[in-house]
Amino acid sequence: MTADARSAGSVSTSGRSLSAKDKLAMLDKAKEKRVEALAQDGYNPFKTGAPGIVDVRLYHAAVESQKRMSTKLSEANSQMTLMERRMEETTKDLQDAAAFLKKVAMEFGTTSRLVESTAAAVRFGVEKEDAVGKLVKLCERLEALEKTVQDQRAAFAKRVPKKVPVAWVGVASEVKLMGDFDNWTRGFELSAANIDSDGVIKTFEAEVPLLPGRYRAKFLVDGGWRLASDWPTENDELGETNNILIVQPMAL
């Protein structure tokens with residue numbers, strides 16, 4: 001092997017901390033120099049053989065590393081998009097709540113004045129029919145106000161996350177709940193809650209904060225997909241079987 005070939009090999013296998021893109025570029029340059037050097041000694045680059053095995057392995061390892069990083073970046077971008085959308089929804093909820101409370105405050109003021117007017121009518125002995133009419137009107141406004149407040153409470157209950165107890169029973173090292181509640185990106189990690197006498201983990205639990213709704217979910221157990229046997233299931237558009245998790249609104 002020539003000096004140039006040895007030098008190229010040392011560059012491709014150096015232990016410097018570089019990005020996957022930089023490593024791929026270095027590997028490509030090193031491979032070109034290696035092929036040029038070996039060609040001078042009569043080496044045919046189109047024949048398979050031992051001289052190129054190390055470079056090929058490093059190349060494939062770098063490609064796989066880049067794929068993993070690309071996947072993680074895609075998941076992070078998806079998670080960021082989801083968080084931005086939820087922040088926009090939360091801001092809209094706060095704006096709606098502020099506008100509603102303003103209307104309620106105005107309605108209380110109007111109702112208060114109506115109460116004073118009705119009380120004065122009764123106190124100063126106005127006609128009975130007039131006093132009754134004012135009382136009926138007051139009751140109607142109070143009933144309408146109560147209904148409006150109840151409707152708003154029900155609407156806001158759908159926007160409040162609820163802590164849902166989730167458990168996985170089985171022997172494992174790591175368990176996550178994954179689902180379309182975050183576009184199948186990060187999920188929620190479950191903690192070991194029960195260990196039997198021989199040290200084998202049996203139960204993983206977590207209280208997962210989720211908005212009310214209907215979700216498709218699965219458990220990621222030590223890197224493999226698993227279904228909860230006691231949860232309902234359904235097939236998606238691609239024929240994959242998922243668990244169904246239904247979260248009811250909180251009682252406010």
Side-chain contact, heavy-atom cut-off 4.5 Å: [X] with [Y]?
| X | Y | value |
| --- | --- | --- |
| Arg226 | Lys218 | no |
| Ile244 | Tyr215 | no |
| Ser70 | Lys67 | no |
| Thr203 | Trp168 | no |
| Arg141 | Thr110 | yes |

From [atom1] ([X]) to [atom2] ([Y]), nearest 0.5 Å:
| X | Y | atom1 | atom2 | value |
| --- | --- | --- | --- | --- |
| Leu101 | Met106 | CG | CE | 13.0 Å |
| Lys147 | Gln150 | NZ | CD | 10.0 Å |
| Glu107 | Thr148 | CD | OG1 | 8.0 Å |
| Glu240 | Leu227 | CD | CG | 9.5 Å |

Minimum heavy-atom separation for [X] to [Y], with atom names?
| X | Y | answer |
| --- | --- | --- |
| Glu234 | Arg214 | OE1-NH2, 2.9 Å |
| Leu238 | Asp236 | N-OD1, 3.0 Å |
| Asn235 | Thr241 | OD1-OG1, 2.7 Å |
| Ser173 | Phe204 | O-CE2, 4.1 Å |
| Pro212 | Val160 | CD-O, 3.4 Å |
| Met178 | Arg186 | SD-O, 3.6 Å |

Would Arg216 and Glu237 pass as an ion pair if we require N to O under 4.0 Å? yes
Of Leu220, Val166, Asn243, Val164, which is the lone residue that meets side chain to side chain contact (heavy atoms under 4.5 Å, CB included) with Leu177? Val166
Side-chain (Asp182) to main-chain (Trp184) donor-acceptor, under 3.5 angstrom: yes
Check step by step if side-chain contact (heavy atoms from CB on, under 4.5 Å) holds for Leu211 and Arg159. CA-CA 6 Å; Leu211 290 173; Arg159 303 301 307 151; 3.9 Å; yes
Test salt bridge (charged side-chain N to carboxylate O under 4.0 Å, His left out) on Lys137 and Glu140 and set out the steps. CA-CA 5 Å; Lys137 186 176 181 180; Glu140 289 175 349; over 6 Å; no
How are the rings of Phe188 and Phe181 set to each other: parallel, tilted or perpendicular (split at 30° and 60°)? tilted
